[in-house]
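Per chain, numbering begins at 1; letters A, B, ... match sequence-line order.
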Protein chains: 2
Amino acid sequence: MKPITRKEEIIRTAAKLFKDKGYSAVTMRDLATSMGIKASSLYNHINSKQDILKAIIISLAEEFTAGMKLIQSSNDSCMSKLKAIIELHVRISSENIYGMASLNNDWMHLEDQLEYYLKLRQGYEDDFLKIIENGKSNAEIKAANPEIIMFSMLTTLRSLYLWIPKKEDLNAKDLAINLSEVLIHGINK
Amino acid sequence: MKPITRKEEIIRTAAKLFKDKGYSAVTMRDLATSMGIKASSLYNHINSKQDILKAIIISLAEEFTAGMKLIQSSNDSCMSKLKAIIELHVRISSENIYGMASLNNDWMHLEDQLEYYLKLRQGYEDDFLKIIENGKSNAEIKAANPEIIMFSMLTTLRSLYLWIPKKEDLNAKDLAINLSEVLIHGINK
DNA sequence: CATACTAACTAACAAGTGTTAGTTTCAAAA
DNA sequence: TTTTGAAACTAACACTTGTTAGTTAGTATG
């Protein structure tokens, strides 16, 4: 039904390899071997190694930004917004295990698109922080340092791609619920 | 007083470069330029690029393991042990901002020492998990999934190296206190 | 003075890098 | 049947990679 092109296939395979060794350590010959073809044949489908990285990272970054904008514009409580952010990360990470590795670890190897990526990321973090600060004003959230709260939540959410594959028995819904419990209510009894 | 050798200087400079671009993307010529010498001159002091990575990562991994063993053998409560783990991470990360980047992102490029590193890491996570499971048995910790608790705490702690340099106004003590509050008691009011 | 050590240098090598040009194969469309 | 297009190939390029060999200058030690 959805016609997966050869180009998409190459990008997916590249993302897998990037996850294990990082962008710089993966050669076009590695990628070609994984595809069962010669390195030069890759260039019938893609323009450059850079372009593969760009395709992986930018689409994901834009997906996160779009999700955040949607959450931000809702009228929900701060707590509901935070839960929605958790669900956003669980969903995108589940659907893009390999790509998330590049997003987290290889963004610095973007060239032309580096500035754009950094702008998206900064905007995302700004929006995230604003939600927490609002919750603090509303007295929904305790008076701890909002930046530490965001840092703690965000780093956990950014590492989901490492953890989800090891816990296949836990579906996305349950994972989001459990994470919300731990991140929001803490572990203290 | 402590005589910093040329070798140590090279390793520190390498760690800085590795933090920004990753092990694979840093060439021996990059490193040499940063040191103000030629690439071949590096080999008067170090054996190989691999050896530099090994020196950075293994010493840190062993420091974490030693710290965990100390905490584990104490008679403190589960909560105290968790706070001690947070302090351990804050301390080591503060003192090794650059090295922590390699430990987190470049461990897969270890060759001879990869197996040893993985053994240390697995042991660390096992010990961490045991502390949490004990706390659950003692009813010190709520009945959430212990693995999710560990995952959440550990990923936050592993990312400290990214965050500490941006918050120089916060000293190690205060950071550890704030983190304990957020990680253990949650953000809910 | 002679020796040894430290730390730099130049020059080079063999292997690997991303990429290009030009060609071939084969199935679908005209 | 001819044409077109997708997708592979071989061969090669210019450059970069980690590393080695051999040498030189300065400085401390015997």
Listed nucleotide nearest any side-chain atom of B:H45, set C:dT19, C:dA8, C:dC9: C:dA8

Between D:dA12 (P) and A:R29 (CZ): distance, integer Å: 14 Å

Does a side-chain N or O from A:S41 land closer than 4.0 Å to OP1 or OP2 of D:dC9, or not? yes

Would A:N105 and A:Y161 count as a side chain to side chain contact (heavy atoms under 4.5 Å, CB included) here? Give the steps. CA-CA 12 Å; A:N105 305 322; A:Y161 77 98; 3.2 Å; yes

Using a cut-off of strictly less than 4.0 Å, decide whether B:K49 has a side-chain nitrogen or oxygen near OP1 or OP2 of D:dG18. yes

Is B:S48 touching bases, backbone alone, or none of the nucleic acid, heavy atoms closer than 4.0 Å? sugar-phosphate

Is A:E125 paired with A:R158 through a side-chain N to carboxylate O contact shorter than 4.0 Å? yes

From CG of A:D51 across to P of C:dG18 the rounded distance in Å is 14 Å

Take the protein atom CE of A:M28 and the nucleotide atom P of D:dT16, then report the distance between them rounded to whole Å. 18 Å

Minimum-distance nucleotide (side-chain atoms of A:N44 versus C:dT19, D:dG18, D:dC9): D:dC9

Spacing between A:Q50 atom CD and C:dT19 atom P, to the nearest angstrom: 8 Å

NA contact type, B:T27, heavy-atom cut-off 4.0 Å: base, sugar-phosphate, or nothing? sugar-phosphate

Check the distance between D:dA6's C1' and A:Y43's OH and give it to me in whole angstrom. 19 Å

Carboxylate-amine/guanidinium contact B:D76 B:K83, below 4.0 Å: no

Between atom CG in A:L17 and atom C1' in C:dG18, what is the gap in whole Å? 16 Å

Within this structure, what is the NE2-to-P distance between B:H109 and D:dG18, rounded to whole angstrom? 12 Å

Considering only NZ, NE, NH1 and NH2 on the basic side and carboxylate oxygens on the acidic side, decide whether A:K54 and A:D112 come within less than 4.0 Å. no

D:dT10 P sits how many Å from A:L42 CG, rounded? 14 Å

Flag the pair B:Y124 / B:H89 as yes when their ring centroid distance falls below 6.0 Å, and as no otherwise. yes

